[in-house]
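Each chain gets a letter, A, B and so on, in the order the sequences are listed, and its residues count up from 1. Because the structure is predicted, anything quoted here is derived from the model rather than measured.
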Amino acid sequence: MSLPARVLDTLYQAYGPQHWWPAPTRFEMMVGAILTQNTAWTNVEKALEKLKSEIPTLEASTLLALPPERLAELIRPSGYFRLKTGRLRALCQWFVDAGGFECLDGRTTKELRHDLLGVYGVGHETADSILLYGFERPVMVVDAYTRRIFSRLGAVTPEIGYEPLREWLEAGLGTKDRVSRYNELHALLVRHAKISCRVRPDCASCVLCDICAYSGSDEAIPEA
DNA sequence: AACCAGGAGACAT
DNA sequence: ATGTCTCATGGT
């Protein structure tokens with residue numbers, strides 16, 4: 001079995017299903033994807049809560065109608081609030097102009113990806129998160145945890161680019177149940193990263209040690 | 001009290 | 001193509 005598949009099985013055994021993304025609606029999922037950029041999820045939760053206290057049914061058009069100043073104030077706890085105000089508005093503008101899910105759901109994954117990457121504030125990871133968790137398209141998400149964990153397992157170099165790593169992961173996960181498997185793997189990697197596997201000396205009893213190329217050796221793990 | 005957190009864009013090289 | 005700087009809050 002491929003390494004990505006073994007990691008998925010191992011983490012699933014250890015932590016169980018994660019049923020991501022943790023959002024009640026598809027649109028809130030997209031908002032969360034912007035807010036969580038380089039930011040702890042606990043801070044995003046505070047921002048989302050304040051947002052929803054003002055706008056109970058979180059919709060793109062309603063969000064756009066809000067004065068940018070007010071929006072910035074509401075999402076402040078998520079950090080980078082001035083930047084993210086512009087990014088959220090850009091995402092909402094795109095969403096509304098495109099006709100919402102009604103129209104977007106009919107598009108191909110390639111079209112959506114190209115479109116999303118053209119939106120201000122949406123990079124590779126945010127686009128792929130939205131595709132996988134918001135549109136249930138078979139696209140693996142690569143984040144800092146993903147790169148760190150697989151490079152510390154000795155599977156890839158820390159410098160590997162976003163696309164090469166995504167393609168390597170997707171190739172290793174086979175063609176069956178791609179959406180649910182990509183979903184679980186990414187969510188499990190995040191869950192696992194928060195618990196262990198940060199620094200090697202702390203990694204003595206990590207559930208991935210059986211798979212790790214470095215376990216039992218003194219060779220230094222290359223830092224990202 | 002430094003360090004980090006589910007990145008992306010502008011800009012220089 | 002690749003590297004560096006900036007953006008900001010809240011928890012350890």
Side-chain angles (χ1 to χ4, degrees), chain A residues 4 7-8 11 15 17-23 26 28-51 68-94 113-135 139-152 156-166 169 181-203 208 222-224:
Chain A
V7 169
L8 172 56
L11 294 180
Y15 307 116
Q18 304 298 303
H19 55 268
W20 266 27
W21 184 288
R26 298 173 68 192
E28 183 174 329
M29 179 274 143
M30 298 198 286
V31 172
I34 295 290
L35 295 183
T36 198
Q37 288 170 352
N38 201 39
T39 300
W41 182 252
T42 53
N43 289 3
V44 178
E45 288 181 312
K46 299 177 195 298
L48 282 173
E49 193 164 343
K50 292 181 73 172
L51 246 189
E69 268 181 346
R70 181 63 182 151
L71 177 56
E73 184 181 333
L74 292 169
I75 66 171
R76 187 168 197 169
S78 72
Y80 305 110
F81 61 94
R82 293 185 193 85
L83 270 176
K84 287 173 178 175
T85 295
R87 293 179 181 183
L88 270 184
R89 290 177 56 80
L91 183 69
C92 289
Q93 194 63 249
W94 166 77
R113 192 161 200 268
H114 179 269
D115 245 42
L116 281 166
L117 289 174
V119 177
Y120 170 75
V122 178
H124 295 107
E125 183 185 335
T126 304
D128 291 345
S129 295
I130 291 174
L131 288 171
L132 180 61
Y133 296 106
F135 289 87
V139 181
M140 182 61 196
V141 178
V142 174
D143 62 7
Y145 293 148
T146 310
R147 180 173 291 97
R148 186 195 304 166
I149 290 174
F150 279 97
S151 67
R152 284 184 179 171
V156 299
T157 80
E159 296 82 26
I160 187 171
Y162 186 96
E163 289 300 323
L165 181 50
R166 181 173 66 83
L169 290 169
R181 285 166 66 78
Y182 294 173
N183 180 320
E184 285 301 330
L185 178 56
H186 177 238
L188 285 163
L189 287 169
V190 175
R191 170 75 188 278
H192 177 69
K194 289 176 175 173
I195 295 174
S196 60
C197 242
R198 298 171 156 275
V199 189
R200 177 141 75 118
D202 300 333
C203 206
L208 293 180
E223 280 297 332

Rounded to whole Å, OH of Y162(A) lies from P of dA8(B) at a distance of 8 Å
- Item | dA8(C) phosphate, OP1 or OP2, under 4.0 Å from R82(A) side-chain N/O | yes
Worksheet item: At under 4.0 Å between heavy atoms, what does K84(A) touch on the DNA or RNA strands: base, sugar-phosphate, or nothing?
Response: nothing
Rounded to whole Å, CZ of F81(A) lies from P of dG10(C) at a distance of 10 Å
Would you indicate what S129(A) reaches in the nucleic acid, counting non-hydrogen atoms under 4.0 angstrom: base, sugar-phosphate, or nothing? nothing
Less than 4.0 angstrom between a side-chain N/O of T39(A) and OP1 or OP2 of dG7(B), yes or no? no
When rounded to whole Å, the CD to P distance for the pair Q37(A) and dG9(B) reads 8 Å
With sugar-phosphate meaning primed atoms plus P, OP1 and OP2, does G123(A) contact a base, only sugar-phosphate, or nothing at under 4.0 Å between heavy atoms? sugar-phosphate
Quiz item: Just to confirm, is there a sub-4.0 Å distance from OP1 or OP2 of dT9(C) to any side-chain nitrogen or oxygen of R76(A)?
Solution: yes
Checklist entry - Reckon H124(A) touches a base, only the sugar-phosphate, or nothing at all at heavy-atom distances under 4.0 Å? => result sugar-phosphate
Checking all strands, does V142(A) fall into the base, sugar-phosphate, or nothing category for heavy-atom contacts under 4.0 angstrom?
-> nothing
ask   = Using the P atom in both, what is the distance from dA8(C) to dA10(B), to the nearest Å?
value = 14 Å
Of the listed dG10(C), dA8(B), dA5(B), the closest approach to the N38(A) side chain comes from dA5(B)
Rounding to 0.5 Å, atoms OG1 (T85(A)) and CD1 (I75(A)) come to a distance of 3.5 Å
I34(A) atom CD1 is separated from dA8(B) atom C1', nearest whole Å, by 9 Å
Exercise. Hey, is the side chain of K46(A) poking within less than 4.0 Å of OP1 or OP2 on dG11(C), counting only N and O atoms?
Worked result: yes
Here the gap from L91(A) atom CG to M30(A) atom CE, rounded to the nearest 0.5 Å, amounts to 5.5 Å
Rounded to whole Å, the OH-C1' distance (Y80(A) to dC7(C)) equals 6 Å
Check this for me: E69(A), atom CD, are more than 12 non-hydrogen atoms of other residues, nucleotides or ligands nearer than 6.0 Å? no
DNA chain B nearest-nucleotide lookup for W20(A) and G121(A): closer to the 5′ end is W20(A)
Which of dA5(B), dG7(B), dT9(C) is nearest the side chain of N43(A)? It is dT9(C)
Among the nucleotides dG7(B), dA8(C), dA5(B), whichever has the atom closest to the side chain of R148(A) is dA5(B)
Shortest non-hydrogen pair, G121(A) vs I34(A), comes out as O-CD1, 3.9 Å
D143(A) CG to dA8(B) P, in whole Å, measures 10 Å
Which of dA8(B), dG9(B), dT9(C) is nearest the side chain of Y120(A)? It is dG9(B)
Value for CG (D143(A)) from CZ (R148(A)), rounded to nearest 0.5 Å, stands at 9.0 Å
Original post:
Rounding to the closest angstrom, what is the interatomic distance between dC3(B) and dC5(C) at atom P?
Top reply: 15 Å
Between CD of E159(A) and P of dG3(C) the distance, given in whole Å, is 9 Å
* How would you label the contact of V141(A) with the nucleic acid (heavy atoms, under 4.0 Å): base, sugar-phosphate, or nothing? -> nothing
note: L91(A), atom CG; dG7(B), atom P; distance rounded to Å ~ 17 Å
May I ask you to decide whether R76(A) forms a salt bridge with E73(A), counting only side-chain N to carboxylate O separations under 4.0 Å?
no
